[in-house]
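Take a look at the structure set out below.
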Amino acid sequence: MSALDAILPVYRRSDVLIVRGDGAYLYDDSGKAYLDFAAGIAVNALGHNHPATQAALLGQASQLWHCANMYRNAPLEALAEHIVAASGFAKGVFFCSSGAEANEAAIKFIRRIMKLRGTPERYRIITIKGGFHGRTMACISASGELRAVDGYAPLLDGFDHAPFGDFEALEALVNGHTAGVMLEPVQGEGGVHVHSVEYLRALRALCDKHGLLLLLDEVQCGMGRTGTLFTYQESGIAPDLVTVAKGLGNGFPVGACLANAEVAKYLTPGCHGSTFGGNPMAMAVGLAVLKEIEKAGFLENVKRCGEEFLVGLEALVKKFPQHLKAARGKGLMLGLETHISAYSLMDTMRGNGLMSAAAGDKVVRLLPPLIITSEHIKEALMVIDKTLENWNI
Ligand SMILES: *Cc1c(COP(=O)(O)O)cnc(C)c1O
């Protein structure tokens, strides 16, 4: 029996044993380097071992680890104030430790508002097919995807699923029971599908027309990944609720649910909570990450690198039409749709020194740290090119 047998087998885990990370690279126990274009599934926004997050975590670790939410703590107040201001729409933020928890909070808040407004029959939330919102019962019910819900019935009632990108079909689902609309501005696990700016604006108008709350799950696409701090900022709309997690902690567990003044109005002590939410170490790291992303040139680099990378990927799609079907995405959230098995491609590229993340068996996601340069992109394109040149299955 190996130590691996002691881990419940819910993951498709490769044999590579990672021991160290530095910048855009991971290193295994043999010293082999991998260009990390998975970034822990869009988590290591600043790469590995970033001096700003190192300093924030180590500094806070020597002061205070945890005091729960019975008292004030300065890192919590600092990050809350900062992220609320940066959001441009929020009145307040609730912190937790993961993306699923942030979505749970948002879903609960939507139901609560409708109840306290005197319309408890409005509890249903429209979500988008192919969406992913996390692994709790509410989050898998929201997603409705078979691979996530199989075996877990009965699901939580109250979610209606609209086809991706079809505004009329979504509008047709709105009825007297509808409370809100929940979606990822860019679907991640579903295969990197970008909702257009026009679609997001149309949803905002629809929500206004029917008094619905618009909840954007930016757990994967937020925190600078698509070229703006939050993806919705490109469209100019103001959502009612936004959830973030992954990139915010750069690897330290943290999640956040941002809400506007209308939502905040209905929240009172005891209506929701989290033991670890607002943990000073998570807050110190989150603030350090946010400040890095806000530095001059950071988001411009994401946009520039994203464009360069997408052009390079599109050239590879042309060069290998028998292996690749399409390249798409926004900023540094890119997907390569394959004819061959995405898992096989990901595994073979890893052997050749490039980490990526599959999204089902037909899309390889490329989610590099946001601090990469043109040199890293050239290196990644070379590995993909070489891998497909030698593909013989
Ligand atoms: C990863 C992810 C989640 C879930 O986050 P966890 O931290 O794993 O709970 C939710 N929504 C989206 C869009 C995600 O990509």
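Remember, it's 1-based here, ligands and their atoms both numbered in the order they're listed.
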**Message:** For the 3.5 Å polar cut-off, considering only N or O atoms, please tell me whether E189 and ligand 1 meet it.
**Reply:** no
**Message:** Is a donor from one side chain sitting under 3.5 angstrom from an acceptor on the other, for Q220 and E189?
**Reply:** yes
**Request:** Please round to the nearest 0.5 Å and tell me the distance separating atom CZ of R304 and atom CZ of F309.
**Result:** 15.5 Å
**Item:** Of the listed options E104, E184, K246, closest to atom 13 (C) of ligand 1 (non-hydrogen atoms)
**Value:** E184
**Request:** Within a distance under 4.0 Å of any heavy atom of N103, pick out the atoms of ligand 1 and give their elements.
**Result:** 10 (C), 11 (N)
**Asked** What residue and atom, counting heavy atoms only, is the protein's closest point to atom 11 (N) of ligand 1, and at what distance?
**Response** D217 OD2, 2.7 Å
**Asked** Would you say A245 has any N or O atom under 3.5 Å from an N or O of ligand 1, going by distance alone?
**Response** no
**Request:** With heavy atoms of S98 as the reference, note each atom of ligand 1 found under 4.0 Å away.
**Result:** 7 (O), 9 (O)
**Protein residue, atom and distance nearest to atom 5 (O) of ligand 1, heavy-atom basis** = G99 CA, 3.3 Å
**Message:** Looking only at side-chain N and O atoms, does H50 offer a donor or acceptor that is under 3.5 Å from a partner on N250?
**Reply:** no
**Request:** Report yes if the side chains of R112 and T268 come closer than 4.5 Å at any heavy-atom pair, otherwise no.
**Result:** yes
**Request:** Mark yes or no for whether Y232, through its side chain, and V197, through its backbone, hold a donor-acceptor pair below 3.5 Å.
**Result:** no
**Interatomic spacing from CD in E218 to CG in L248 - rounded to 0.5 Å** = 12.5 Å
**Prompt:** Who's the nearest protein heavy-atom neighbour of atom 9 (O) of ligand 1, and how far?
**Reply:** A100 N, 2.7 Å
**Request:** Please determine, by modelled atom types, if E234 and T228 share a side-chain donor-acceptor pair under 3.5 angstrom.
**Result:** no
**Prompt:** Between T243 and ligand 1, which part of the residue brings a heavy atom under 4.0 Å of the ligand: side chain, backbone, both or neither?
**Reply:** neither
